[in-house]
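One is the number of the first residue; the rest follow in order along the sequence.
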Amino acid sequence: MLKKGSKLYSILTGTCPKCQNESMYLDKNPFHLSSTLKMHEHCSHCGLKYQIEPSFFYGAMYVSYGLNVALGIAAFIISYVILNSSLKTAFIAIIASLLVLYPYVLRGSRNIYINMFVSYDPKYKKE
């Protein structure tokens, strides 16, 4: 299921969507907050330019919004419905989960957004 060549592989690993051979990010640890969104300009294997056009990743904000809403709803359902906590505790759980998973949401939204425009091509060679 999670093998090279699938969009899911590129999204979850943060690899180049074209060749899936190298990480798009300079620092693989998303919790180094000063470098969470610092990316290579090009893939060293296939030469794909990650910033396809100026301000390309502004569109990832919409993906980030959707991921945060889904995460908030999941945290609410788990804490309020499944664990039968109070409403106040459920909202604290939502805020805590959004804060803790913030770096993953940032990178995940960029990964999803670039994979909407670039597809895997195993035969693509750097010119």
Side-chain angles (χ1 to χ4, degrees):
M1 180 176 145
L2 187 63
K3 57 185 176 180
K4 193 173 181 180
S6 68
K7 295 262 186 202
L8 191 59
Y9 177 82
S10 178
I11 291 169
L12 293 178
T13 59
T15 55
C16 171
K18 190 75 150 177
C19 69
Q20 296 182 356
N21 285 323
E22 135 181 311
S23 175
M24 293 188 295
Y25 301 97
L26 295 173
D27 188 359
K28 290 188 179 188
N29 186 353
F31 287 102
H32 292 154
L33 298 179
S34 63
S35 61
T36 298
L37 295 178
K38 291 186 180 172
M39 301 175 72
H40 297 284
E41 287 192 31
H42 296 85
C43 177
S44 64
H45 293 281
C46 68
L48 174 71
K49 184 178 178 185
Y50 296 131
Q51 184 107 3
I52 296 171
E53 59 186 28
S55 304
F56 174 71
F57 286 111
Y58 280 135
M61 290 187 301
Y62 297 104
V63 177
S64 176
Y65 176 76
L67 290 176
N68 280 316
V69 168
L71 184 61
I73 290 171
F76 179 77
I77 289 172
I78 290 169
S79 65
Y80 189 71
V81 176
I82 296 174
L83 300 177
N84 293 324
S85 65
S86 68
L87 197 56
K88 184 178 181 179
T89 306
F91 284 115
I92 291 171
I94 291 169
I95 292 169
S97 64
L98 291 177
L99 287 175
V100 169
L101 297 175
Y102 178 72
Y104 288 117
V105 170
L106 282 176
R107 282 197 177 179
S109 63
R110 279 191 172 201
N111 296 346
I112 291 169
Y113 193 69
I114 195 167
N115 273 280
M116 289 172 21
F117 297 99
V118 180
S119 296
Y120 177 70
D121 186 5
K123 298 175 184 167
Y124 187 80
K125 298 286 183 193
K126 185 176 180 179
E127 296 176 10

- Residue pair Gln20 / Thr15, side-chain donor-acceptor N/O under 3.5 Å: no
- Check Cys19 against Tyr120 and note the closest heavy-atom contact, atom names and distance. O-CE1, 3.5 Å
- Query: Linking I/L/V/M/F/W/Y whenever any side-chain heavy atoms sit under 4.5 Å apart, do Leu12 and Leu106 land together?
  - Reply: no
- Interatomic spacing from CD1 in Ile94 to OG in Ser79 - rounded to 0.5 Å: 6.0 Å
- Task: Report yes or no: do Ile78 and Ile95 belong to one cluster of Ile/Leu/Val/Met/Phe/Trp/Tyr joined by side chain heavy-atom distances under 4.5 Å?
- Result: no
- Side chain proximity check, Tyr102 to Leu98, heavy atoms < 4.5 angstrom: no
- Item | Side chain to side chain, Cys16 and Cys46, heavy atoms closer than 4.5 Å | yes
- Item | Side-chain donor-acceptor contact under 3.5 Å, Tyr9 with Asn115 | no
- Query: Tell me, do Lys7 and Met116 make a side-chain contact under 4.5 Å, heavy atoms counted?
  - Reply: no
- Message: Strictly distance-based, threshold 3.5 Å: is any side-chain N or O of Ser97 a donor or acceptor partner for the main-chain N or O of Ala93?
- Response: yes
- Message: According to side chain to side chain donor-acceptor pair (under 3.5 Å), does anything in residues 28-37 pair up with another residue at least two apart or in another chain? List the pairs.
- Response: Asp27-His32, Asp27-Ser35, Asn29-His32
- Heavy-atom pair of closest approach, residues Leu33 and Pro103: CD2-CG, 3.8 Å
- Query: Just wondering, do Leu48 and Pro17 contact through their side chains at under 4.5 Å, heavy atoms?
  - Reply: yes
- Query: Do Tyr25 and His40 touch side chain to side chain, with heavy atoms closer than 4.5 Å?
  - Reply: no
- The reported gap from CD in Glu22 to OG1 in Thr13 (rounded to nearest 0.5 angstrom) is 11.5 Å
- Heavy-atom closest pair (Leu37 atom, Arg110 atom, distance to 0.1 Å) is O-NH1, 3.3 Å
- Message: Please tell me whether Val69 and Tyr80 are part of a single hydrophobic cluster in this structure, the criterion being side-chain heavy atoms less than 4.5 Å apart.
- Response: yes
- Sub-3.5 Å donor-acceptor pair from the side chain of Ser109 to the main-chain atoms of Val105, do we have one? yes
- Query: Ser55 side chain to Tyr58 main-chain N or O, any donor-acceptor pair under 3.5 Å?
  - Reply: no
- Closest heavy-atom contact between Ala90 and Ser85? N-OG, 4.0 Å
- Ring centres of Tyr113 and Phe56 under 6.0 Å apart? yes
- Query: Would one find more than 12 heavy atoms of other residues, nucleotides or ligands at under 6.0 Å from atom NZ of Lys49?
  - Reply: no
- Query: Applying the 4.5 Å side-chain criterion to the ILVMFWY set and letting contacts propagate, would Tyr50 and Ile52 be lumped into a single cluster?
  - Reply: yes
- Task: Measure the shortest side-chain to side-chain distance between Thr89 and Ser86 over non-hydrogen atoms and say whether it is less than 4.5 angstrom.
- Result: yes
- Task: Would you please name every residue forming a side-chain contact (heavy atoms from CB on, under 4.5 Å) with Tyr104, sequence neighbours left out?
- Result: Pro30, Phe31, Leu101
- Would you say Ile73 and Leu71 are hydrophobically clustered, going by side-chain heavy atoms of ILVMFWY under 4.5 Å? yes
- Query: Side chains of Ile114 and Met24: does their closest heavy-atom pair fall under 4.5 Å?
  - Reply: yes
- Does OH in Tyr62 sit with more than 12 non-hydrogen atoms of other residues, nucleotides or ligands closer than 6.0 Å? no
